[in-house]
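These numbers come from a predicted model, not from an experiment.
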Amino acid sequence: GYIQACRGLMISAVCLGFFGAVFGLVGMKCTKVGGSDQTKAKIACLAGLIFILSGLCSMTSCSLYANRITSEFFDPSFVAQKYELGAALFIGWAGASLCIIGGSIFCFSIAETSNSPRRGYAYNGAASVMSARTKVHNSVPDKTPPRHFDKNAYV
């Protein structure tokens, strides 16, 4: 029975993780789907909550299975084959922890400081610098202003 419960929790964690990823993609500022910034912030917070719920389901499943394994391992009256904690449980715990941490970061990333508005920075352009090769070949310094370059001149 506990194996079926662990399977159900892991399947629900995977499904919740998928829906959290979809909501996370919709809630990002760089996508055009989702509406205004406030709506996207709410969707991103929902994605974070779903990721936290997914991590909790996975953590519960791994912990339930590990509890059963350790209780059977240390029970002297248990005569069937005894199992040990394997790498899959540790990977499951690490993945669940990352999912919970990522979901909480996703939730807290929408909090902007409303006290100070964002300042824009003006682009002044790049300074014109003569290369060493140009200085050697041109003994007379050129006082003409730099010509306007096309967008492909820097590639």
Side-chain angles (χ1 to χ4, degrees), residues 1-129 131-132 146 148-155:
Y2 74 97
I3 292 178
Q4 295 297 326
C6 290
R7 282 183 189 165
L9 283 170
M10 287 304 264
I11 289 172
S12 64
V14 169
C15 292
L16 284 171
F18 173 75
F19 287 119
V22 170
F23 284 134
L25 288 173
V26 171
M28 286 193 290
K29 289 184 179 181
C30 62
T31 59
K32 295 188 186 272
V33 180
S36 67
D37 283 342
Q38 291 178 347
T39 308
K40 284 181 177 276
K42 291 178 183 177
I43 293 172
C45 186
L46 176 67
L49 291 174
I50 291 174
F51 275 128
I52 291 172
L53 190 60
S54 171
L56 288 175
C57 285
S58 179
M59 184 76 74
T60 304
S61 173
C62 291
S63 297
L64 179 65
Y65 194 76
N67 183 29
R68 183 67 178 224
I69 287 174
T70 54
S71 65
E72 288 177 355
F73 187 79
F74 292 113
D75 186 13
S77 62
F78 187 74
V79 292
Q81 184 177 0
K82 295 182 178 184
Y83 295 101
E84 296 179 2
L85 299 179
L89 282 174
F90 296 114
I91 291 171
W93 280 323
S97 300
L98 287 175
C99 207
I100 292 170
I101 291 169
S104 60
I105 289 173
F106 222 130
C107 285
F108 293 128
S109 70
I110 63 167
E112 287 191 27
T113 56
S114 59
N115 300 342
S116 62
R118 286 187 151 185
R119 291 185 359 186
Y121 294 100
Y123 176 69
N124 295 331
S128 175
V129 178
S131 67
H148 176 67
F149 293 105
D150 193 13
K151 65 180 179 181
N152 293 330
Y154 299 107
V155 178

Hey, what do you get for [atom1] ([X]) to [atom2] ([Y]), rounding to the nearest 0.5 Å?
| X | Y | atom1 | atom2 | value |
| --- | --- | --- | --- | --- |
| Phe19 | Phe51 | CZ | CZ | 12.0 Å |
| Leu89 | Tyr65 | CG | OH | 7.0 Å |
| Cys45 | Ile43 | SG | CD1 | 11.0 Å |
| Ile52 | Ile101 | CD1 | CD1 | 10.5 Å |
| Leu49 | Ser54 | CG | OG | 12.5 Å |
| Tyr2 | Arg7 | OH | CZ | 10.5 Å |

> Would you say the side-chain atoms of Ser97 pair up with the backbone N or O of Trp93, donor to acceptor, closer than 3.5 Å?
Replying inline: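 Looks like yes, one N/O pair under 3.5 Å.
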> Does Ser12 use its side chain to pair, donor to acceptor, with the backbone of Gly8 at less than 3.5 Å?
Replying inline: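 Checking the backbone N and O of Gly8 against the side chain of Ser12, a donor-acceptor pair under 3.5 Å is found.
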So which atom in [X] and which in [Y] form the shortest heavy-atom distance, rounded to 0.1 Å?
| X | Y | answer |
| --- | --- | --- |
| Leu25 | Thr31 | O-CG2, 3.2 Å |
| Ala13 | Cys57 | CB-CB, 3.9 Å |
| Leu16 | Ile50 | O-CG2, 3.0 Å |
| Lys29 | Lys40 | CA-CD, 4.3 Å |

>> Are Ile3 and Arg68 packed together at the side-chain level, in the sense that at least one heavy-atom pair is separated by less than 4.5 angstrom?
In response: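 Ile3 does not reach Arg68 side chain to side chain.
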>> Counting C-beta onward and ignoring hydrogens, is there a side-chain heavy-atom pair between Ile100 and Leu56 closer than 4.5 Å?
In response: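 Side-chain contact under 4.5 Å: yes.
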>> Test side-chain contact (heavy atoms from CB on, under 4.5 Å) on Met10 and Ser58; report intermediate values, then the result.
In response: CA-CA 6 Å; Met10 287 304 264; Ser58 179; 3.8 Å; yes
